[in-house]
Amino acid sequence: MIHEDTNEKFILVLDEWDCIFHKTYTTDEDRRNFINWLAALTKDRGYVALSYMTGVLPIAKYSSGSTINNFDEYTMATDDLFSEYFGFTEAEVDDLFSRYAARTSECNITREDLKYWYDGYHTPSSERMYNPRSVVEALTRNRIRSYWTMTGSYAEISTYIVNDRADIKKDVALMVAGEAVPAKVEEYAATAMQLSTRNEILSAMVVYGFLNYEDGKVHIPNKELLDEFAKTIREREDLGYINRLAMESDRMLKATLKSDTRTMEEILAFAHNTETPLLDYNNETELTAIVNLVYLAARDSYYVEREDKAGTGYVDFIFYPERAGDDGIILELKVDDTPETAIQQIKDKNYPLKFQGKMAGKKRHSGRILLVGIGYSKKTKEHCCKVEVVK
């Protein structure tokens, strides 16, 4: 009526247009009626200048034939156009952090903290993206922690993990261990109640933001999400051997801090001999994944950095303490070699210098660094550990 009277046009904005498809109490008829209503509201209407809708489900999936064919759809995972607006870019976070630093008398957050906790997403053109809500909450509250709001969608998807639908349990374990797994992202696979294949489950995790998709693989993007997956693994005994490995991680960290190499070797042997081995375990990459999992508890109190193995001079793991007075840990792995060789490499490459440089000016380091060497023999199937303390 306003349009007919004034010839003014309207911009229609619908946030979470697909909410109705996630509700268990809606019927198929409800959803069909909703689609028909959207078509009646937006299609071929003279009063509509533009319709802008956001959500996680593609309209085409739920629109039969030509019911709603007047929309162009753009996704974070597959489209470059507008992808910079799906989250905060590196430059935007730099700007926000500089404002925070200028206005906060006692900053409890570093720029590196924001990257470690909330970065990890990528656009199709590989531009880095941050979780916008979490960045804003952290800087507003001057506190780094998880601000992720776990939705009913995560609860539904987690049932697929627990029930090992489509053999998804191993994929999740690998991702928690720091690995990326191959996947073909299907944009239509986003209603948790209808997932049946491995690709559909992983695709839904990408669509809902639980995983990042890049170069044909999916992985857990950051500390915030890793904590949520780790929590699921450590709380659910019905996850079997994966739960048991994660539960051993508390004991593994305590044994390492006490230089109790016997217990460390016992836990690694358990990880290797578990009834459903995670990997073939014949090279350092696979050993790294297991070690990452058995040190899962360390991520509660350490900033764990896993170095890029390309080139030379990069250590496997560095554990930077988050709590005042805790020891730092530098860990090197070797297959078919000794833990002594691993520790000697740490010394020869001067890895402790990097640790000391990163911790300079921070109060949370005890001054001690534990040099940890772990060796695995493919012939004897045995692990050997050594811990040496330096200051």
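Between D250 and R234 a salt bridge is recorded (basic side-chain N to carboxylate O distance below 4.0 Å). With salt bridges taken as basic N to acidic carboxylate O contacts below 4.0 Å, none links E224 and R145. Between R299 and D227 there is no salt bridge, since no side-chain nitrogen of the basic residue lies less than 4.0 Å from a carboxylate oxygen of the acidic one. A salt bridge is defined here as a Lys NZ or Arg NE, NH1 or NH2 lying under 4.0 Å from an Asp or Glu carboxylate O, and R251 with E266 meets this definition.
Heavy atoms only, all atoms of each residue included: A138 and I109 are closest at O-CD1, 3.1 Å. C385 and L268 make their closest contact through SG-CD1, 3.7 Å (heavy atoms, listed as atom of the first residue, atom of the second, distance). Between L296 and A230, the shortest heavy-atom distance links the atoms CD2-CB, 3.8 Å. Taking every heavy atom of both residues into account, K9 and A49 meet most closely at CB-CB, 3.8 Å. Pairing each heavy atom of L41 with each of R45, the nearest pair is O-CG, 3.5 Å. Residues F71 and T42 share a closest heavy-atom pair of CE1-OG1, 3.9 Å.
Remark: the backbone N or O of L333 is paired with a side-chain donor or acceptor of D316 at under 3.5 angstrom. Remark: side-chain polar atoms of E228 are not paired, donor with acceptor, to backbone N or O of L225 under 3.5 angstrom. A distance-only check finds a donor-acceptor pair linking the side chain of T26 to the backbone of I20 [under 3.5 Å]. The main-chain N or O of L370 is never found under 3.5 Å from a side-chain atom of D327 such that the two would form a donor-acceptor pair. Of the possible polar contacts, none joining the E322 side chain to the S301 backbone as a donor-acceptor pair under 3.5 Å is found. Side-chain N or O atoms of S249 include one that pairs as donor or acceptor with a backbone N or O of A297 at under 3.5 Å. One N or O on the side chain of N199 and one on the backbone of K184 form a donor-acceptor pair closer than 3.5 Å. No donor-acceptor pair closer than 3.5 Å links the side chain of S134 to the backbone N or O of Y118. Between the side chain of D348 and the backbone N or O of Q345 there is no donor-acceptor pair closer than 3.5 Å. Side-chain atoms of K217 never come within 3.5 Å of backbone atoms of E214 as a donor-acceptor pair (strictly under, hydrogens ignored).
Ring geometry for F97 against Y100 counts as tilted: the plane angle lies between 30° and 60°, on a 0 to 90° scale. Between F34 and F21, the ring-plane angle classifies as perpendicular under the 30° and 60° cut-offs. A perpendicular orientation is assigned to the rings of Y302 and F319, their planes being inclined by more than 60° (bins at 30° and 60°). The aromatic rings of H3 and Y47 lie perpendicular to each other, with more than 60° between the two planes, well past the 30° mark.
Two residues are said to be in side-chain contact when any heavy atoms from C-beta on lie closer than 4.5 Å; I369 and V389 fail this criterion. Residues K334 and P339 have side chains not in contact (no heavy-atom distance under 4.5 Å, counting atoms from C-beta outward).
Summarising the geometry, atom CG belonging to L331 is positioned 9.5 Å from atom CD1 belonging to I343; distances are rounded to the nearest 0.5 Å. How far OH of Y147 is from CZ of R133: 9.5 Å, rounded to the nearest 0.5 Å. The CZ atom of R368 sits 8.5 Å away from atom CG of L257, with the distance rounded to the nearest 0.5 Å. Expressed to the nearest 0.5 Å, how far CZ of R31 lies from CG of N36 amounts to 14.5 Å. The line from NE2 of H122 to CG of D215 is 9.0 Å long, rounded to the nearest 0.5 Å. Atom OH of Y116 sits about 11.0 Å away from atom CD1 of I144, to the nearest 0.5 Å.
In this structure, M247 is not a member of the same hydrophobic cluster as V176, with clusters built from ILVMFWY side-chain heavy atoms closer than 4.5 Å. A continuous path of Ile, Leu, Val, Met, Phe, Trp and Tyr side chains, each step under 4.5 Å between heavy atoms, connects F10 with V48, placing both in one hydrophobic cluster. L38 and L50 are assigned to two separate hydrophobic clusters, defined by single-linkage of ILVMFWY side chains at heavy-atom distances under 4.5 Å.
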Item to check | Derivation and outcome, ring-ring contact (aromatic ring centres under 6.0 Å, His included), residues Y130 and F88 | outcome: CA-CA 5 Å; Y130 290 68; F88 284 164; 8.3 Å; no
Next on the checklist: T104 vs N142, test: side-chain hydrogen bond (donor to acceptor under 3.5 Å, both in side chains). Steps then yes/no.
Outcome noted: CA-CA 8 Å; T104 307; N142 194 22; 5.4 Å; no
Item to check | Candidate pair T341 and D337, rule side-chain hydrogen bond (donor to acceptor under 3.5 Å, both in side chains), full reasoning | outcome: CA-CA 7 Å; T341 300; D337 213 330; 3.0 Å; yes
Item to check | Intermediate values then yes/no, side chain to side chain contact (heavy atoms under 4.5 Å, CB included), M205 and I220 | outcome: CA-CA 10 Å; M205 290 184 181; I220 299 173; over 6 Å; no
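The hydrophobic cluster containing Y74 also includes L81, F82, Y85, under a criterion of side-chain heavy atoms closer than 4.5 Å among ILVMFWY residues, counted directly or through chains of members.
With respect to V218, the side chain to side chain contact (heavy atoms under 4.5 Å, CB included) criterion is satisfied by exactly one of L202, D171, N212: L202. Among V294, V372, L253, the one residue that satisfies the side chain to side chain contact (heavy atoms under 4.5 Å, CB included) test with M264 is V372.
Residue pairs meeting the salt bridge (charged side-chain N to carboxylate O under 4.0 Å, His left out) criterion with at least one partner in residues 84-97, sequence neighbours excluded, are E90-R111, E90-K115, E90-R128, D94-R111, D95-R99.
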